[in-house]
Every structure is written in structure tokens, then in C-alpha cells.
Amino acid sequence: MTYAVEFQNLSRTFDKVRAVDNVDLQIGEGEFFSMLGPSGSGKTTCLRLIAGFEQPSAGSVRIFGQEAAGLPPYRRDVNTVFQDYALFPHMSVADNVAYGLMVAGVGKRERQERAQAMLELVKLGDYGQRRPAALSGGQRQRVALARALIKKPRVLLLDEPLGALDLKLREQMQIELKSLQRQLGITFIYVTHDQGEALSMSDRVAVFNLGRIEQVATPRELYTRPATAFVADFVGTSNVFDHAAAQTLCGQDRPFSIRPERIRIGQDGPREGEIGLSGELIDIQYLGAVSRFEVRAGNGKVLAVVSPNLDDHDVAFTVGAPVKLYWPQRAMHPLAPEENGHVAHA
Amino acid sequence: MSRMLERRGLSALTDALYRRPALWLFLLLAPPLLWFGLVYLGSLFALLAQSFFTFDDFTMNVSPVLTLDNYRALLDPANHDVILRTVAMAAAVTLAAAVLAFPLAYYMARYARGWRKGFFYVAVMLPMWASYIVKAYSWTVILAKGGLVYWFYRSFGLSGVVDWLLSLPGIGGDSLSTSTLGRFTVFTYIWLPFMILPIQAALERVPGNLIQAAADLGATPFMAFRTVILPLAFPGVVAGSIFTFSLTLGDYIIPQLFGPSGLFIGTMVYTMQGSIGNMPMAGAFTLVPVLIIAVYLSIAKRLGAFDAL
């Protein structure tokens with residue numbers, strides 16, 4: 001089977017830094033695929049390797065089965081939506097959108113018609129004659145999208161495209177991007193450091209750390225069955241118990257992670273199938289729908305607990321008081337014994 | 001409360017100015033505006049006003065009788081030639097400077113980092129540290145028969161090429177230093193930094209990701225240059241060309257030291273106000289570069305040179 005994008009033993013080093021370190025990855029046609037990771041984890045470099053702005057130091061990048069290493073960006077059938085949009089400031093919005101057709105030698109009439117159709121697709125039909133500088137952040141974002149899509153790429157690369165937008169707009173754009181991707185049926189490769197964004201839109205997510213992929217999985221799998229401590233901690237919040245903590249605090253002999261919302265904070269005692277530990281409540285954050293508790297356990301480890309604010313449940317607690325935490329055993333997620341997969345490779 | 005209000009001396013003055021931003025702005029701008037208005041524009045208008053005065057050829061006296069004769073005289077074939085000769089040279093120098101400056105400015109803005117960037121800055125500006133007169137005279141030595149250039153082309157066996165260039169009508173002459181080619185070379189040398197720096201500054205402001213975006217959308221490097229880099233750097237080219245163009249238009253030293261006989265606007269003004277004392281005619285000649293630059297700028301604006309500003 002041919003993949004939209006396939007990495008084989010792909011590496012990119014800058015001086016001595018391995019920005020991308022021997023990565024294997026297959027991205028299927030029509031997938032909404034996210035590359036998630038903290039800054040400097042190699043996700044953007046991977047995107048640039050697909051776009052052609054970077055060339056691999058070793059390994060191969062295939063786009064629809066064709067080797068792309070060595071091909072300049074203008075010979076690749078992929079288009080990019082840039083982080084800060086990279087709109088041409090000296091051109092009108094319509095000329096920006098039509099740019100890809102203009103350099104391809106498409107006639108003026110057809111260019112204008114297709115640019116207008118594209119602008120209507122992103123709901124900016126009346127903005128063609130404006131300059132990018134006269135648009136809001138969200139509108140520029142849509143222009144960048146229209147400009148990349150007009151070339152009918154088989155793969156669209158998006159480099160943190162919503163990073164500069166405020167929260168409401170970001171949530172709205174997430175929904176629009178997802179429905180656009182379904183409508184067009186092309187492969188979206190989406191780079192983000194925002195795990196919420198990655199979870200809400202993607203078919204699959206690759207979690208990057210230190211130039212390597214920690215896990216590739218569906219959002220649900222990633223959240224419920226994180227493969228490594230890093231994934232458990234980076235995707236959502238997790239209380240990660242390493243080998244020692246698991247043993248001394250709750251008598252478990254394997255490292256595990258537990259999500260804050262699976263922990264019950266109370267005084268009553270364990271229920272059927274629950275284990276628990278006791279600690280001191282050191283902070284309460286009221287967040288509206290939920291409250292977030294920070295509890296320091298016996299050995300100094302700080303645990304996060306999130307519980308819904310039903311019947312002003314949070315008022316019963318005072319900072320500094322001793323509390324007990326309980327969670328069902330099945331909510332514990334075992335982690336691979338090696339704490340950090342990279343130690344062995346460094 | 002009372003302690004907060006008790007302020008004396010300088011801090012009381014600071015507080016008073018802080019409460020009156022308009023006064024503060026006035027104090028800030030008054031000195032430069034006075035200088036600019038009185039000394040700078042004032043002297044220019046005084047000169048232009050004189051250009052309407054009458055000069056008596058016989059008594060060599062200037063009388064404040066208003067006339068348009070000086071401007072009529074600009075259209076005399078002899079004066080006409082001076083203007084054309086100067087403008088043609090200024091245009092050629094500007095074009096050559098732009099072609100030479102762009103790649104260097106591009107390298108400085110996009111690729112040079114660290115000590116290389118510093119090196120190029122200093123290298124470009126180093127000639128400006130030396131006196132103009134010294135540089136101009138040093139070129140008389142460089143271009144002289146038996147000088148550096150002479151030795152250089154002789155040792156590479158290029159005498160034939162140079163002789164052929166010097167035999168061409170329009171740019172040739174008896175020797176390098178008395179040819180229009182020599183004059184052009186020195187002009188381009190002297191004004192080149194004034195072209196490099198504005199272009200470099202303009203290119204510095206073109207975000208690198210625009211070039212990547214162009215490539216991403218299918219533009220070859222040449223296409224990206226033509227449709228993105230050049231239009232965005234064009235205000236810098238125009239700014240640089242205003243320097244090289246107007247500096248060449250007004251220069252009166254290099255045309256005297258190099259090239260064939262025949263006056264330039266600068267030498268004409270110099271002669272008129274100096275040895276002849278015909279200030280009105282000098283004033284009329286001064287207006288020519290001002291007008292040419294004004295026309296040039298309006299054409300540049302129409303071409304969209306300032307759209308990217």
C-alpha cells in the first residue's frame with residue numbers, strides 16, 4: 001500500500017544536534033494526522049522535511065511513494081500553512097490566494113475565478129481586494145489556508161496554524177479545519193504543541209520528544225493508554241509514579257500513571273477495588289466546572305486531582321488539612337519499565 | 001499625600017511636563033524643526049528666489065528684478081547638453097550601483113551571520129570613513145598610465161580589450177582617466193555604499209518565510225525573486241537610487257578630475273556662482289536636479305515602489 005507520507009530511518013542533524021533522530025512513520029491518505037510535542041522535539045523539522053525546506057541528513061521521505069529527498073519545495077505536491085501565515089504584504093488577498101496559480105502560468109481569468117471560489121470556501125468572499133494588513137488574525141489564517149489549498153495539494157501541512165489566535169477563535173477554527181478536511185478528503189499533517197488541539201481534531205497523533213516519536217496512536221488510545229511516562233505527562237495531565245514511588249506510596253511493583261480526574265479525594269475510606277494514599281492538601285484552584293487539588297504525598301511527591309464541582313464539593317476542604325486519595329485499580333495505567341526511552345540512546 | 005505632591009527642582013519640572021504632553025512634544029520638536037525650516041529649506045528657497053533675479057552680463061551685478069530669463073537659458077543647446085550629459089551619467093551610475101549592490105546586500109541580509117556580517121558592514125562603510133577628496137584623487141593615481149589598473153590589464157594581456165573599450169564613441173577617450181568610462185567607474189565606486197545599505201536594510205525586513213511560502217506554492221527561485229523579493233526590496237532600491245542619482249547629479253569634483261571636457265550640472269553651478277558670480281543662473285541650475293528627482297519619485301510611486309512600505 002502507498003502512504004501519503006512515509007519516513008524511513010529519517011534523521012536531520014544541525015551541527016551536533018539531532019533534531020530528528022531515526023524516525024519511522026507512515027501517514028495514510030486522507031488522514032488528519034497530528035505531530036504533537038514540546039518545542040524543540042523535532043515535530044516542525046519533520047514538517048519542513050516533508051515540505052522540502054529541510055533535506056534529510058539520513059533516511060528517506062516518500063510522498064505518495066516517490067522519494068522526495070533532494071527535491072526542492074517547488075517540485076513537491078504538498079503545500080504549507082505557515083505558523084505566522086507568511087502572506088505576501090505587497091499583494092491583495094486575492095493575489096495572495098492566486099499566487100500558486102500565477103507562478104504555474106494559469107491565465108488571469110481562471111486564476112481570479114478560482115481564487116474567488118477559494119475565498120468563498122473559507123468565507124472571505126468579500127475580502128479579495130483588501131491587503132493582508134487590513135485583516136484580523138483569524139481572517140489571515142483563512143487566507144493562508146485558501147492560498148495553500150488552491151493548488152489542490154494531496155497533502156496539506158499546517159505548522160501551528162492556530163497558535164496566534166485567541167481561545168474562542170481557535171476552537172471555532174479547529175471545528176472548521178476538521179470539517180474542511182473531511183469535505184476535501186486530503187491528508188492534513190498538523191503540527192502543534194497543544195495537546196487539546198491534537199486530540200480534538202486528529203485521526204491519529206504522533207507524540208514527539210527529543211527528536212523521536214514516543215507513540216503513534218488515536219487520540220483515545222493516547223489518552224487512555226499512554227505508552228511512556230512522557231506521553232502520559234504530556235497528553236493531558238498525569239500523575240506518573242516511577243518504580244520507587246509506586247512501591248513506597250501504594251505498594252505497587254510496576255511504574256504507572258493515573259489521570260487526575262480518576263482520583264477521588266475524600267475521608268471515607270477505600271471502596272471496592274480501590275487503592276489509596278494519604279497526604280496533605282497544599283492548594284485548591286477553583287476552575288468553574290471543576291476544582292483542581294494539589295496534594296503532597298508522604299515522600300514529597302505532589303499529585304494533581306481534578307473533581308467536578310457538584311454541590312460545592314470543594315468547599316469542604318481546607319488547604320493544609322490531611323486528605324486521603326483513592327482510585328480504582330483499573331484506572332491505573334502501567335508504564336514501560338524504562339523511565340525515559342531516550343536514556344539508552346543518548 | 002502631601003509628601004507625594006512636594007517635589008522641587010528638576011523632578012517638579014519633569015512632573016509638569018508629564019502632565020502637558022503637548023508642551024513636551026513642542027519642546028522636543030522645536031529645535032530640529034527650526035533647523036530644518038530655517039537653515040535647510042530657507043537656504044534652498046533663498047537660492048530658488050535668486051534664480052528669478054536678473055544678472056547683468058556687462059556689469060556682472062545681480063539686481064532683484066524678476067525675470068524668467070535664467071530658466072529660458074537652461075534650454076540653450078549648450079546648457080541642454082550639460083543637463084543631458086549629467087542625467088545620463090547619473091542614470092548609468094545608478095543602474096550599475098543597483099546591479100552591483102543587490103547581490104551583496106542580499107548576502108549581507110540573508111546569509112551573513114556573526115563576524116561575517118560585521119566584516120561586510122565595515123567593508124562597505126570603510127570607504128566612507130576616508131575623505132571624499134582623498135578618494136577622488138587616489139583614483140587619478142589608480143587610473144593613470146602606469147597606475148594600478150594599467151598594470152593590471154597589461155599583466156593579464158587585456159590591453160586590446162581596454163583599447164577597444166576606449167575607442168568606443170560615447171564612453172571612450174584617450175586614456176582611462178580622460179574617458180567617460182573612467183569617470184563612470186569612479187562615480188560608481190564613490191556612491192556604491194549608498195546603494196548597498198538601503199537595499200540591505202530593505203531586504204533585512206523581508207521575512208524569510210515569505211520566500212519559503214513562494215517556493216512552497218511552486219515558485220522557482222527566479223520567480224520568487226521577481227514576484228516577492230524584488231517588489232519588497234524595491235523601496236530600498238529606490239532609496240539607494242535617490243542617493244546615487246542625486247549625488248551624481250550634484251557632484252562637481254569627479255567630472256573635473258576624470259573624463260573628457262564638458263561641464264556637468266555640478267561644475268556648471270560651481271562655475272556660475274564661483275568664478276562668474278552669476279548666482280541667478282546657478283540657482284536655476286539647482287532647480288534641475290530637484291525637478292528630476294521629483295519626476296523620478298512620482299514615476300517610482302506609480303510603479304508601486306512604495307506599496308510595500
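So you know, we letter chains A, B, ... as the sequences are listed, proteins then strands, and number each from 1. Please read these numbers as outputs of a predicted model, since none were measured by experiment.
Residues of residues 183-192 of chain B lying under 4.5 angstrom from chain A, judged on non-hydrogen atoms, do not exist. Taking non-hydrogen atoms and a 4.5 Å limit, the residue list of residues 140-152 of chain A in contact with chain B, ordered by number, reads A:Arg147, A:Ala148, A:Lys151. Proximity to chain B at a heavy-atom threshold of 4.5 Å picks out nothing from residues 107-130 of chain A.
In this structure, the side-chain contact (heavy atoms from CB on, under 4.5 Å) partners of B:Tyr252, at least two apart in sequence or on a different chain, are B:Gln256, B:Thr267, B:Tyr270.
Rounding to the nearest 0.5 angstrom, the gap separating the OG1 atom in B:Thr227 from the NE2 atom in A:His90 is 6.5 Å. Taking CG of B:Leu217 as the start and CE of A:Met102 as the end, the distance is 10.0 Å to the nearest 0.5 Å. Taking CG of B:Leu210 as the start and OH of A:Tyr85 as the end, the distance is 14.5 Å to the nearest 0.5 Å. Remark: A:Met91 CE to B:Leu232 CG distance equals 8.0 Å, nearest 0.5 Å.
Counting heavy atoms of neighbouring residues, nucleotides and ligands inside a 6.0 Å radius, atom OH of B:Tyr106 exceeds 12 of them. The 12-atom threshold is not exceeded at OH of B:Tyr40, counting heavy atoms of other residues, nucleotides or ligands nearer than 6.0 Å. Crowding of B:Tyr132 atom OH: a count of heavy atoms from other residues, nucleotides or ligands under 6.0 Å exceeding 12. Around atom CD of A:Gln66, no more than 12 heavy atoms belonging to other residues, nucleotides or ligands sit under 6.0 Å away. For A:Arg170, the CZ atom counts as densely surrounded, since its 6.0 Å shell holds more than 12 non-hydrogen atoms of other residues, nucleotides or ligands.
For A:Leu87, the part sitting under 4.5 Å from any heavy atom of chain B is the backbone (N, CA, C, O) and nothing else.
For the set A:Ala51, A:Pro153, A:Ala86, A:Gly100, the count of heavy-atom pairs under 4.5 angstrom toward chain B peaks at A:Ala86. The choice from A:Pro72, A:Pro73, A:Ala104, A:Gly52 that makes the most heavy-atom pairs within less than 4.5 Å of chain B is A:Pro73.
Between B:Ala224 and A:Tyr99 the shortest heavy-atom distance is CA-OH, 4.1 Å. Minimum heavy-atom separation, A:Thr80 to B:Asp216: N-OD2, 2.6 Å.
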